[in-house]
Structure formats: C-alpha cells, structure tokens
Number of protein chains: 2
Amino acid sequence: MTETSPITGLGANIQRQSTTDQAADAVRQAILSGRLLPGTPLREAALAAELAVSRSTVREAARVLASEGLVRYQMNRGIVVTESTAEDVADIYAARAALELAGVDALTEHRDPAVYADLADLVEQIEHAFHRGDTAAVLDGDRLFHATLVAATGSPRLRRFYLQLQQEQRLALALAERSRRELGRTADDHRQLLDALHRSPAQARAELTAHLHAGAAELQQLLDLLAQRKQLAHRAEGETTHG
Amino acid sequence: MTETSPITGLGANIQRQSTTDQAADAVRQAILSGRLLPGTPLREAALAAELAVSRSTVREAARVLASEGLVRYQMNRGIVVTESTAEDVADIYAARAALELAGVDALTEHRDPAVYADLADLVEQIEHAFHRGDTAAVLDGDRLFHATLVAATGSPRLRRFYLQLQQEQRLALALAERSRRELGRTADDHRQLLDALHRSPAQARAELTAHLHAGAAELQQLLDLLAQRKQLAHRAEGETTHG
DNA sequence: GATTGCCATATTGTCCGGCAATCCGGCAAG
DNA sequence: CTTGCCGGATTGCCGGACAATATGGCAATC
C-alpha cells in the first residue's frame, strides 16, 4: 500500500506544511466542528490577526476552502461559510449515490476479500460504538464505511471527490444532533448493506439506494428542525428589541 | 432551464470578473490549447509580468488551477503544468465511466425526451463536423455529448466534477492529434450509443463502457506515441550537444 | 572518476503597508 | 415608503521587502 524507496526502503516522505495549508486546516476544522456556523462572514483582517498570519495567506487559504465548497467567495463581499440549501443536501446525496453505486459495482464484480473484510470490521466498529453510546465514533465509522465502498473502485479521483462530498455533508449538519434511534438504524443498515453486498449486485444496489434515501430524508428533516429553531430564536430576538 | 427574476423576468446577472479569475482563465486557456506543455514550470514573477498583474494575484490564480488539477503546486518549488501519467489517464476514464453510467441510469429511468433530443442533435453535429473535416468541432461535440449525459443526473455537483475530468483529459492530450479514422469511429460510436440508450438500460451501459474503454485505449496509445517521439527528440538533442 | 561539501544564484513563502473600488447601513429629502 | 446620498468598513490588487529553500556548478576529497 505505502510507497517505498527502491534504495532505502524508507517511505517516510517528510514534508513541511505551508502556512497557507495550516491556515486552511485551521479554518476547515473550525467549520466542520461547527465552531464556525454556516453564513458566518469571515473578515480577512480579523482572521489574519486570529491566526497570526498575513492577509495574503488568508486569501490563499480561502481559495483552497472555496474549491472544497466549505466557503463561498463573493466578489467584493468576501468569504462566507457556505450555507447549504435543501437542494444542496439533495444533490450531495444524489452525487454520493452515483459514486457509491460505482463502488458497489466494482466490489460485486471483483469480489476483493480484503475490502469485504474491511467493511465487516467497520460494521463491527459501528455497532460497538453504538452500544457504547459513542455518537462521534458511530458517525466516523459510517463515513469510513461508505468511503471504503467508493475506494473499492480503485479510482483516486472518485475517492477524492467523495471525500469532498462527505465534507460538504458534515458542514450541512455540523450542528445537528442525531437521536439514539436514528443512530441505531444506521448501525443496522450497514450490516444489512454488507449482507446484500455478499448476495447479489442488484440487491446491493437496491439496499444502498434505500439507505441513502433514508439518510437524505433524515438529514432534510434535521435541517428543517434547525431552521425552525433558528426562526424562533430570530423572532424572539426581534421581540426583545422591540420591547 | 434559465433562472428568471420574479419581478423583471430578466435573468441577466451581470458580474465583473476578478483579476484573479481572469488570470486563471488565461493560464487555463494556454494549458488546454497546448501552448503551455505539461511539465512546464510557471515562474510567478515571469507570469505576473506577462499578465501585467501582481505576484499575489498569480498565486491566487494558481491555487484555483491547482484545485482543478491543471497545475501542481510543490512546496518551495512553485507551479508546474500537470504531467499526466498512464495511470492518470486510466483513472480519468474510470471516473468518467462512473459518472456517465450514473447519467445513463438516470436517463433510461426517467426517459426525458428533451435530453434524448439534445443527444440526437449532438450526434448530428458530430457527424456533420466529421464530414466537413472539422476536427475541433468533432471533439467539442464529443465532449458536449458526454457532458449532457452526465447532466441527465440533474446533479450540479456531478456535472461540475465531470467538467473537471474533461479538462484533465484535454490537458493530457493537448498536443495529440487524432487520425481521421479514429474521428470516424467517434462519430459512429455516438450514434450507436444513442440507439442503445433508446433500447435498454443494460445495452446502454454495455455500449458506454465499451466506448470508454476504446477511448481510453486510444488515448493511451497516443500518449505512448508522444512519449516515443519525445524520447527521440531528446536523444537527437543529446547527439548534437555531444557532436 | 565518483562522491561530497560548499557556494552563488534564482525562486518561492510570507509579510507589510497602501490605495482605489466597492459594499453596507443609516439618514435625509422627496 | 421610496429614493438619493454619505461615511465607515471591507475587499481587490499592488509593489516592495526579506528569509528560507532549491538548484546547478565548482572545488576538494577519496
């Protein structure tokens, strides 16, 4: 899996990280963790001061994040953390479906036992995490399971694109919390999906699309809830201002 | 298709283009047209002078192009026009297959007559261009045909990603010239593919994969040829230097 | 002759200060 | 309530600057 030098056998390619990349990482982390909410404008000067870097560096980092879809870059209006619409969420799931179905096709065609083993491990992990009540671990396992599926295509480009989709999805629900019931369904779903992957391509495809549709619906619902809560907060704020 | 304002009915959203974007466009154009060959290092200062912009602007533009895969950004080594390996080409076709198959699925499921009409038009265009001997038009039609197929998924993200793949492919064969026979095959293939799309999903999928495999093989062969020619040139250069 | 160490040069990474263009909120006039 | 205007805040872009790093060549060494 890892590259090895033909001479030394050491694949350790040491490499410093540019300030720009570090800045991008910091902001990305803040966004994905929900510390920077969608819609938040990112003032270049303030960010530069906060990160102790120059404005040029911030701008370069912003270009990177923009290409990942985490922020939007509007002419003369600056950087804003991306706000996902309902259509965006639907689209993310549609795109996910396309890539993951390609993964299913590749897997059910080549039947690589290593991939099946990885997937089985992940299902175990997810179930364990669920019983421990470790929400973050469940979600991590979920993401890794699907990423592994796409990786089964063997295509680096599909893999990279898929990771971006996952990032966008994380951004969309950064502040949403899943209920225990939904997490349980997640755990069950993946075992079922794995079974279907063993059985037949057609069943696997069907199971996956069903799983994704359910996920999309759940996320849409969560977003609606958040929007409602936000509206209420907004209204309350208006009242206090008026009173 | 186009967005219309509920008030004026004018969808004309005028918008200036930032200098950075213009710079990126210029370089992108130069790369895709083959004026900047793969492997060419892009000196920031020189580029800035050439485009009559500042180095900061060039760097931002480079970040954009790097995110599109047209250039590579190596720490302390600067910007280099991406050199595609044989694996890259294979991967591009694998990724294309995944997305286009999603398009086939969507199309054969919904049977949107408008899309079929568009595709039929494009086949006509390609055949006309071929008979005119207009190579560029054939290739444009080819690209548009496949992009339309992917667009049938209705997913903006898949569409965007697919355009990037097409860009990368153009980069890979920027300086390769296709023979008349290959262009003819291209024209025939698309009509066959369109027929299969009318017939059955399974046949469409089969036809598409065959088409893409043939394309990949052709491109690989072209690249081998180019590599050989390059080696010969290189060797000749060495001889003159020594002599 | 091949390897190593060193040095001059070219180039990048990053920062800074600056200025015009643009956006935004508010206030006044109609 | 709309329109026009104004000032502060912010961005877009620039040019200069300097340290860190890469690169190619030359000399010293084995």
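Small disclaimer: the values here were computed from a predicted structure and weren't measured.
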Trainee: Whole angstroms only, please: what is the OH-P distance between Tyr73(A) and dT11(D)?
Mentor: 8 Å

Trainee: Go nucleotide by nucleotide along DNA chain C from the 5' end; which of Val53(A) and Met75(A) gets its closest nucleotide reached first?
Mentor: Val53(A)

Trainee: CG of Leu51(A) versus C1' of dC16(C): gap in Å, rounded?
Mentor: 17 Å

Trainee: Is there a Watson-Crick or G-U wobble partner for dA22(D) with both distances under 3.5 Å, and if so, which one is it?
Mentor: dT9(C)

Trainee: Measure the distance from CD on Gln74(B) to P on dT21(D) and round it to the nearest whole Å.
Mentor: 16 Å

Trainee: What does Ile79(B) touch in the nucleic acid at a heavy-atom separation under 4.0 angstrom: a base, only the sugar-phosphate, or nothing?
Mentor: nothing

Trainee: Drop me the distance from Arg28(B)'s CZ to Ser33(B)'s OG, to the nearest 0.5 angstrom.
Mentor: 12.5 Å

Trainee: So which of residues 60-71 of chain B are in contact with DNA chain C, with a heavy-atom cut-off of under 4.0 Å?
Mentor: none

Trainee: As a quick check of understanding, evaluate side-chain contact (heavy atoms from CB on, under 4.5 Å) for Leu107(B) and Thr153(B), giving each step before the final call.
Mentor: CA-CA 7 Å; Leu107(B) 185 56; Thr153(B) 61; over 6 Å; no

Trainee: For Asn76(A) and dT11(D), give me the distance from atom CG to atom P, rounded to whole Å.
Mentor: 10 Å

Trainee: In whole angstrom, give the distance that lies between atom CD of Glu44(A) and atom P of dT14(C).
Mentor: 17 Å

Trainee: Is the base of dT10(D) touched by the side chain of Arg55(A) through a donor-acceptor pair closer than 3.5 angstrom?
Mentor: no

Trainee: Checking contacts here: which listed nucleotide (dT14(C), dC13(D), dT10(D)) is nearest the side-chain heavy atoms of Thr57(B)?
Mentor: dC13(D)

Trainee: Could you give the CG-to-P distance, from Leu47(A) to dT14(C), as a whole number of Å?
Mentor: 16 Å

Trainee: Of the non-hydrogen atoms in Val138(A) and Leu183(A), which two are nearest, and what is the gap between them?
Mentor: CG1-CD2, 3.8 Å

Trainee: Less than 4.5 Å apart, side chain to side chain, heavy atoms only: is that true for Arg160(B) and Arg157(B)?
Mentor: yes

Trainee: Can a side chain N or O of Ser54(B) be found less than 4.0 Å away from OP1 or OP2 on dG15(D)?
Mentor: no

Trainee: Could you tell me whether Glu100(B) and Arg96(B) make a salt bridge, using a distance below 4.0 angstrom between a side-chain N and a carboxylate O?
Mentor: yes

Trainee: Hey, is the main chain of Ala26(B) close enough, under 3.5 Å, to the side chain of Gln29(B) for a donor-acceptor pair?
Mentor: no

Trainee: Honestly, is Arg63(B) close enough over Tyr73(B), meaning NZ or CZ under 6.0 Å from the six-membered ring centre and within 45° of the axis?
Mentor: yes

Trainee: May I ask you to evaluate whether Ser56(B) reaches the phosphate of dG15(D), defined as a side-chain N or O under 4.0 Å from OP1 or OP2?
Mentor: no

Trainee: Could you check which of dA22(D), dC23(C), dC13(D) has an atom nearest any side-chain atom of Arg77(A)?
Mentor: dC23(C)

Trainee: How long is the line joining CD of Gln17(A) and C1' of dT21(D), in whole Å?
Mentor: 17 Å

